[in-house]
Amino acid sequence: MKKIVFFLIVLVSSCSIQVNGYSDDFNKVSVENKAKIVELKSFEALSPDYIYKISGKQLRAELSKHDKSIVYVFKNGCTSDYCKPMMHYETYAKKNGYQLFLVMNGYAHLDDTLGQRNSFESPLYVINTNYYQNRIRATYTKLFLQDVLAIQSGKEIPENGNIYIFEGDVLIKETRELPQY
């Protein structure tokens, strides 16, 4: 019995359990990648070498400057059938005259997205948890979407997808998949 207890203690203490997705997972980002994460100051002259921390209010203000936009809020490393490579969203946006905003909802599995960097040019954004003063993914994502969609606090956010299609700053459609082109 003592051997079993000892074995379990050794097993548990040697295992490093990591939970991704509960928080923003910034602590799991490499030093090299942390240097790429900067505050968004302006939408002018954005570089594919950086990831821009953005608030929903900043994004909403920018949406109003474009006739048509797509906002894709995504989780790095998503394995769902609904998650496509970044170039899929970029190709669709270019073919159909949309301004594209690729917004990560956290940093877990960041390398999965950065590994695609040679196949798309669009800037990458990440929800600015400092702005929302919250590191719990469900909470800051909700606050971000309230700002982008101009939804009053306490009102429900649509939950039909994570692709938001806008004309100006008016939400036209929310979906999980892009329409066929």
So the side-chain hydrogen bond (donor to acceptor under 3.5 Å, both in side chains) pairs with at least one residue in residues 114-123 (sequence neighbours excluded) are Glu90-Ser122, Lys94-Glu121
Walk me through whether Leu59 and Val103 qualify under side-chain contact (heavy atoms from CB on, under 4.5 Å). CA-CA 10 Å; Leu59 181 51; Val103 183; 4.3 Å; yes
Query raised in the report: Same cluster or not: are Phe144 and Val38 linked, directly or through other Ile, Leu, Val, Met, Phe, Trp or Tyr residues, by side-chain heavy atoms under 4.5 angstrom apart?
Result: yes
Asp25 and Ala108 have their tightest heavy-atom pair at OD2-CB, 3.2 Å
Residues 97-116 vs salt bridge (Lys or Arg N to Asp or Glu O under 4.0 Å), sequence neighbours excluded, gives none
Between Tyr107 (side chain only) and Lys34 (backbone N and O only), is there a donor and an acceptor less than 3.5 Å apart? no
Following the transitive rule for hydrophobic clusters with a side-chain heavy-atom cut-off under 4.5 Å over Ile, Leu, Val, Met, Phe, Trp and Tyr, establish whether Ile51 and Val73 coincide in one cluster. no
Rounded to the nearest 0.5 Å, the OH atom of Tyr131 sits from the CD atom of Gln133 at a distance of 9.5 Å
Exercise: do Arg135 and Asn27 side chains pair donor with acceptor under 3.5 Å | no
What one should report as the nearest heavy-atom pair of Lys173 and Pro179 is NZ-CG, 4.4 Å
| request: Look at the side-chain heavy atoms of Ile, Leu, Val, Met, Phe, Trp and Tyr, link any pair under 4.5 Å apart, and say whether Val170 and Ile165 land in one connected group. | output: no
Just do the side-chain contact (heavy atoms from CB on, under 4.5 Å) check on Tyr164 and Val148 with the steps written out, would you? CA-CA 10 Å; Tyr164 304 90; Val148 172; 5.9 Å; no
inquiry  = For Glu177, I'd like to know if atom CD has over 12 heavy atoms of other residues, nucleotides or ligands within 6.0 Å.
reply    = yes
Those residues at least two apart in sequence (or on a different chain) that pass salt bridge (Lys or Arg N to Asp or Glu O under 4.0 Å) with Glu174 are none
side-chain hydrogen bond (donor to acceptor under 3.5 Å, both in side chains) pairs touching residues 36-46, sequence neighbours excluded, are Asn33-Lys36, Glu39-Lys53, Glu39-Asn128
- request: Using atom types as modelled and distance alone, determine if a side-chain donor or acceptor of Tyr52 lies under 3.5 Å from a backbone N or O of Ser47.
  value: yes
Interatomic distance, OH@Tyr92 vs OH@Tyr98, rounded to 0.5 Å, equals 4.5 Å
Rounding to 0.5 Å, atoms CD1 (Ile172) and OG (Ser69) come to a distance of 11.0 Å
inquiry  = Do Lys75 and Arg137 make a side-chain contact, defined as non-hydrogen atoms from C-beta onward lying under 4.5 Å apart?
reply    = yes
For Lys142, the salt bridge (Lys or Arg N to Asp or Glu O under 4.0 Å) test, sequence neighbours excluded, returns none
- request: Flag the pair Asp147 / Leu143 as yes when at least one side-chain heavy-atom distance between them is below 4.5 Å, and no otherwise.
  value: no
Connected via hydrophobic side-chain network under 4.5 Å: Tyr132 and Val126 = no
Give a yes-or-no answer on whether the side chains of Asn105 and Tyr140 include a donor-acceptor pair shorter than 3.5 Å.
no
To the nearest 0.5 Å, atom CD of Gln99 lies from atom CG of Leu63 at 9.0 Å
Given the options Asn96, Ile70, Thr91, Leu178 meets side chain to side chain contact (heavy atoms under 4.5 Å, CB included) only with Ile70
Q: Tell me yes or no: between the side chains of Tyr72 and Tyr89, is some donor less than 3.5 Å from an acceptor?
A: yes
Paired with Met104, the side chain to side chain contact (heavy atoms under 4.5 Å, CB included) test is passed by just one of Ile127, Ile54, Asp24, Leu110, namely Leu110
To the nearest 0.5 Å, atom CE of Met86 lies from atom CZ of Phe120 at 6.0 Å
So the salt bridge (Lys or Arg N to Asp or Glu O under 4.0 Å) pairs with at least one residue in residues 59-74 (sequence neighbours excluded) are Arg60-Asp169, Glu62-Lys65
Output for pair (Leu40 CG, Leu46 CG), nearest 0.5 Å, gives 6.5 Å
- [ ] Using the rule that two of Ile, Leu, Val, Met, Phe, Trp, Tyr join whenever any of their side-chain heavy atoms come within less than 4.5 Å, decide whether Ile163 and Leu124 are in one cluster.
- [x] yes
Within a 6.0 Å radius of atom CZ on Phe43, are there more than 12 heavy atoms belonging to other residues, nucleotides or ligands? yes
| request: Over 60° means perpendicular and under 30° means parallel, so classify the ring planes of His66 and Phe101, tilted if in between. | output: perpendicular
